[in-house]
Peer 1: 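Could you have a look at this structure, given as structure tokens, before my questions?
Everything quoted here is computed from the prediction, not taken from an experiment. Atom set for the values below is all heavy atoms of this structure, side chains included, hydrogens, waters and symmetry mates excluded. Atoms within each ligand, like the ligands themselves, are counted from 1 in listed order.
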Amino acid sequence: METIDLRSDTVTHPTSAMREAMANAAVGDDVYGEDPLVNQLEQDAADMFGMEAGLFVSSGTQGNLVSVMTHCQRGEEAIIGDVSHIFKYEQGGIAALGGIMPHTVPVQPDGTLALEDIEHAIRQENIHFPYTRLIAVENTQGTLGGIPISPDYMHEVTDFAHDHDLKLHVDGARIFNAATHFGVPVAEMVRGADSVTFCLSKGLCAPIGSIIVGSKAFIDAARRNRKILGGGMRQAGILAAAGLLALHDMTKRLQEDHDNAHYLAESLSEVPGISVMSQATNFVFLWLEEDAKLSPSEFAAAMQDQNIIISPYPGSERKFRCVLHYWITRDKIDTVKSAMEAVLS
Ligand SMILES: *Cc1c(COP(=O)(O)O)cnc(C)c1O
């Protein structure tokens with residue numbers, strides 16, 4: 001029986017078209033700039049985002065670290081959300097490896113950073129203070145539930161950054177989900193931003209890899225930082241072959257995941273003992289009610305017995321996150337619903 005893994009869209013496996021493209025990939029040494037598919041992937045991504053250049057990196061974490069390190073020198077400050085991925089889930093890498101101070105401001109319930117809060121966080125010229133260099137925003141906002149941030153806000157925060165002589169980085173791990181939600185091209189979502197990182201390896205199904213896009217000068221500097229972090233890869237065209245299909249094909253089908261997330265939320269709202277807390281883009285948050293028949297760990301174990309993997313969200317044992325993706329089809333959602341009804345009734 002096939003496993004239904006709802007924990008994340010990072011669990012997606014490459015499609016058969018990807019495996020075939022990988023097997024047949026022409027390759028070269030990318031540190032010498034000679035891997036044809038890596039070069040193509042970087043340029044195609046840049047074109048799609050309306051930027052000059054792109055850089056293939058091993059992960060979203062590496063993409064954010066390289067980007068922040070490229071914008072900020074040691075001892076300088078980056079303004080980021082207090083529940084952003086960069087702050088919560090990257091081991092403090094910008095501080096540990098980049099010597100960069102995170103200055104957090106609260107992420108609002110709609111996933112944005114209030115411009116007023118950012119304004120208060122920007123340092124004035126004073127011998128005691130570090131220099132503020134960067135604002136980083138996340139789209140979609142992950143921890144709060146895959147919340148898509150509107151193009152209007154994105155343009156507003158970008159202009160705000162530039163008016164204050166700061167750079168704007170977008171942690172766009174799932175920016176294509178946001179673009180799909182608003183029905184606008186990614187180039188429009190991030191217009192004017194100084195850098196964007198996005199993941200090929202989540203809902204886009206590639207096995208490995210993220211991309212940074214920005215100006216040619218920024219990407220040249222980022223390429224040096226990727227190298228010092230051990231991210232110079234050789235025949236990476238094997239991965240870029242899958243990445244090209246992720247970029248060109250898989251970005252076009254994300255509405256299906258959003259529709260399925262909506263369908264899952266509707267289906268599960270009928271299950272006794274479960275309430276649906278939120279649904280946005282491809283994320284659904286569930287709450288296992290206090291009077292449910294099973295405890296949270298018993299519930300997860302009972303679902304596992306049905307070959308369904310669902311795990312409590314860090315920080316709250318009754319809160320469960322379901323993430324929809326290419327491999328979770330409608331019939332599997334029906335299976336999940338029946339299994340939950342069976343274990344909870
Ligand atoms: C997944 C994710 C990352 C990091 O990507 P990895 O490839 O897992 O390192 C960064 N930011 C956000 C918002 C993410 O969801």
Peer 1: Is the closest heavy-atom distance from Gln62 to ligand 1 below 4.0 Å?
Peer 2: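 No, that is not the case, since the closest heavy atom of the residue is not under 4.0 Å from the ligand.
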Peer 1: Less than 4.0 angstrom from a charged side-chain N to a carboxylate O is my criterion; do Glu270 and Lys337 meet it?
Peer 2: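 Looking at Lys337 together with Glu270, the answer is yes, because their closest N to O distance falls below 4.0 Å.
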Peer 1: Going by distance only, is there an N or O of Thr140 that falls short of 3.5 Å from an N or O of ligand 1?
Peer 2: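 Among all N and O atoms of Thr140, none is under 3.5 Å from an N or O of ligand 1.
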Peer 1: Please confirm whether Arg174 makes a cation-pi placement over Phe198, using NZ or CZ under 6.0 Å from the six-membered ring centre and within 45° of the ring normal.
Peer 2: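 No, a cation-pi geometry is absent between Arg174 and Phe198.
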Peer 1: Salt bridge between Lys216 and Asp220, side-chain N to carboxylate O under 4.0 Å?
Peer 2: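 Between Asp220 and Lys216 there is a salt bridge, with a charged N closer than 4.0 Å to a carboxylate O.
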Peer 1: Before accepting this row, confirm whether a basic side-chain N of the pair Arg133/Glu77 lies closer than 4.0 Å to the acidic partner's carboxylate O.
Peer 2: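 No, Arg133 and Glu77 are not salt-bridged.
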Peer 1: So if I count the atoms of ligand 1 from 1 in the order they appear, which ones are less than 4.0 Å from some heavy atom of Arg174?
Peer 2: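 Heavy-atom distances to Arg174 below 4.0 Å select 15 (O).
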Peer 1: So, is Gly60 polar-close to ligand 1, with some N/O to N/O distance under 3.5 Å?
Peer 2: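 Yes; at least one N/O pair falls below 3.5 Å.
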Peer 1: Is it the case that one hydrophobic cluster holds both Val284 and Phe299, taking links as side-chain heavy atoms less than 4.5 Å apart, direct or via other members?
Peer 2: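 Val284 clusters together with Phe299.
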Peer 1: Does only the side chain of Asn64 get under 4.0 Å from ligand 1, or the backbone, or both, or neither? Count heavy atoms.
Peer 2: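 Side chain only.
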Peer 1: Does any N or O of ligand 1 fall below 3.5 Å from an N or O anywhere on Ser201, backbone included?
Peer 2: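 Looking only at distances, the answer is no, because the N/O contact criterion of under 3.5 Å is not met.
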Peer 1: For a quick test of reading the model, state the closest non-hydrogen atom pair linking Leu113 to Gly81 and the distance between them.
Peer 2: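 Minimum heavy-atom contact is CD2-CA, 3.6 Å.
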Peer 1: Please identify which atoms of ligand 1 are closer than 4.0 Å to at least one heavy atom of Cys199.
Peer 2: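 Matching atoms, with element in brackets: 5 (O).
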Peer 1: Which residue supplies the protein heavy atom nearest to atom 11 (N) of ligand 1, what is that atom called, and how far is it?
Peer 2: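 Going by distance alone, atom 11 (N) of ligand 1 is nearest to Asp171 OD2, 2.6 Å.
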Peer 1: For His162, I'd like to know if atom NE2 has over 12 heavy atoms of other residues, nucleotides or ligands within 6.0 Å.
Peer 2: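 Yes, NE2 of His162 has more than 12 neighbouring heavy atoms, counting only those of other groups under 6.0 Å.
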Peer 1: Identify the protein heavy atom lying closest to atom 10 (C) of ligand 1, giving its residue, its atom name and the separation to 0.1 Å.
Peer 2: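 It is His85 ND1, 3.2 Å.
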Peer 1: Which atoms of ligand 1 have any heavy atom of Thr61 under 4.0 Å away?
Peer 2: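 Under 4.0 Å from Thr61, ligand 1 has these atoms: 4 (C), 5 (O), 6 (P), 9 (O).
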Peer 1: Do His71 and Glu76 have side-chain N/O donor and acceptor atoms under 3.5 Å apart?
Peer 2: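 No pair is found: no donor N or O on one side chain lies under 3.5 Å from an acceptor on the other.
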Peer 1: Ring of Phe285, cation from Arg321 - is the NZ or CZ under 6.0 Å from the centre and inside 45° of the axis?
Peer 2: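 Arg321 over Phe285 ring: no.
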Peer 1: In ligand 1, which numbered atoms sit nearer than 4.0 Å to a non-hydrogen atom of Ala173?
Peer 2: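 Answer for ligand 1: 2 (C), 11 (N), 12 (C), 13 (C), 14 (C), 15 (O).
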Peer 1: Counting from 1, what ligand 1 atoms have a heavy atom of Ser59 closer than 4.0 Å?
Peer 2: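 Near Ser59, meaning under 4.0 Å from one of its heavy atoms, ligand 1 has 7 (O), 9 (O).
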Peer 1: Does even one non-hydrogen atom of Lys202 get within less than 4.0 Å of ligand 1?
Peer 2: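 Yes, Lys202 has heavy atoms under 4.0 Å from ligand 1.
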Peer 1: Which of the atoms of ligand 1 are close to Glu90, meaning less than 4.0 Å from one of its heavy atoms?
Peer 2: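 Close to Glu90: 10 (C).
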